[in-house]
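Report on one structure; see the data block that follows.
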Amino acid sequence: RKEVEQDPGPFNVPEGATVAFNCTYSNSASQSFFWYRQDCRKEPKLLMSVYSSGNEDGRFTAQLNRASQYISLLIRDSKLSDSATYLCVVTLNTGFQKLVFGTGTRLLVSP
Amino acid sequence: DVKVTQSSRYLVKRTGEKVFLECVQDMDHENMFWYRQDPGLGLRLIYFSYDVKMKEKGDIPEGYSVSREKKERFSLILESASTNQTSMYLCASGGGNAEAFFGQGTRLTVV
């Protein structure tokens, strides 16, 4: 079983739609959680951290469910510029803090 | 702004060549990472360094070595390049429970 699993998509949505991605992780000792965004042929960049209490940044909401071992990302009022791959990331303490990436979920927002 | 710079955007090397990929960061981060990214497999950790001259194997270290002689510089070495090492290589610094910053990536083709 992969340490971090995501639906690869693509998710095709029209502008203005609400879209949600889920990500599951296998190690209950995972400590920190993030969503990264990666544009085509570019490097990943941090979108937001995910806290136990959930957090919101504008149109983006991230939530963590430790009991079920999944994190989610909700995007409201999708824009064309939201088209990208969204990477779920968890950290594991394996003697050092190891970042483990999911394979990413591709989002395509169309006019 | 944090900057992580990789020495080359594109490289073409021959099978059997020794290949050096250089990465420099300017934020005095302790942690530096080398990943490779392949379609359907996501980002996989090759090596990690948490201090000068310190290194740890990641998930796929075979065929690679690393060097960290100065805090700001982390080099990835392909001892004898093979075609299955054709990939996108991404260097990152920071990490742990904090944000990881990525370089722009090096697309390596081994022919």
Side-chain angles (χ1 to χ4, degrees), chain A residues 1-10 21 23-27 29-52 55 57 60 62 64 66 71 84-106, chain B residues 1-6 8-10 21 23 25 27 29-51 54-61 66 68 74 87-109:
Chain A
R1 186 184 169 187
K2 288 183 181 176
E3 289 177 295
V4 179
E5 293 203 64
Q6 295 182 251
D7 181 342
F21 309 135
C23 162
T24 58
Y25 59 94
S26 60
N27 192 325
S30 298
Q31 295 179 313
S32 301
F33 308 87
F34 307 92
W35 283 102
Y36 276 69
R37 171 192 169 130
Q38 186 173 25
D39 293 300
C40 189
R41 298 187 178 279
K42 299 277 191 174
E43 73 273 20
K45 293 185 179 179
L46 181 69
L47 178 66
M48 57 198 306
S49 302
V50 188
Y51 306 119
S52 297
N55 49 307
D57 183 3
F60 297 83
L64 167 64
R66 282 192 182 270
I71 69 174
T85 296
Y86 292 84
L87 302 168
C88 172
V89 184
V90 306
T91 64
L92 299 173
N93 191 336
T94 57
F96 62 90
Q97 292 288 347
K98 177 183 173 184
L99 287 170
V100 182
F101 286 78
T103 53
T105 298
R106 192 165 172 220
Chain B
D1 258 3
V2 172
K3 197 150 189 181
V4 179
T5 304
Q6 294 183 228
S8 305
R9 288 296 302 272
Y10 300 94
L21 302 183
C23 175
Q25 52 101 356
M27 280 302 290
H29 285 154
E30 304 289 338
N31 300 332
M32 295 188 76
F33 309 80
W34 275 105
Y35 291 87
R36 64 178 281 178
Q37 187 173 29
D38 301 286
L41 297 176
L43 278 86
R44 293 180 291 166
L45 182 64
I46 304 171
Y47 266 98
F48 164 87
S49 170
Y50 54 90
D51 203 350
M54 306 305 288
K55 60 187 179 185
E56 293 281 349
K57 292 181 181 179
D59 299 314
I60 51 164
V66 290
R68 190 146 180 222
F74 191 34
S87 187
M88 169 68 87
Y89 290 87
L90 287 156
C91 173
S93 74
N97 287 330
E99 181 177 357
F101 296 88
F102 284 85
Q104 77 277 28
T106 297
R107 188 167 292 279
L108 172 67
T109 302

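Quick note on labels: first sequence line is chain A, next is B, and so on, each numbered from 1. Please read these numbers as outputs of a predicted model, since none were measured by experiment.
Only the side chain of A/Gln38 comes within contact range of chain B, with heavy atoms under 4.5 Å apart. Only the backbone of B/Leu41 comes within less than 4.5 Å of a heavy atom of chain A; no side-chain atom from C-beta onward does. Both the backbone and the side chain of A/Pro44 come within contact range of chain B, judged by heavy atoms closer than 4.5 Å. Only the side chain of A/Lys2 comes within contact range of chain B, with heavy atoms under 4.5 Å apart.
Every salt bridge (charged side-chain N to carboxylate O under 4.0 Å, His left out) that B/Arg44 has, sequence neighbours left out, goes to B/Asp38. For A/Phe21, the ring pair (Phe, Tyr, Trp, His ring centres under 6.0 Å) partners are A/Phe11, A/Tyr86, not counting sequence neighbours.
Side-chain atoms of A/Phe33 and A/Arg66, non-hydrogen and from C-beta on, do get closer than 4.5 Å to each other.
For A/Phe101 and B/Phe102, the distance between ring centers is under 6.0 angstrom.
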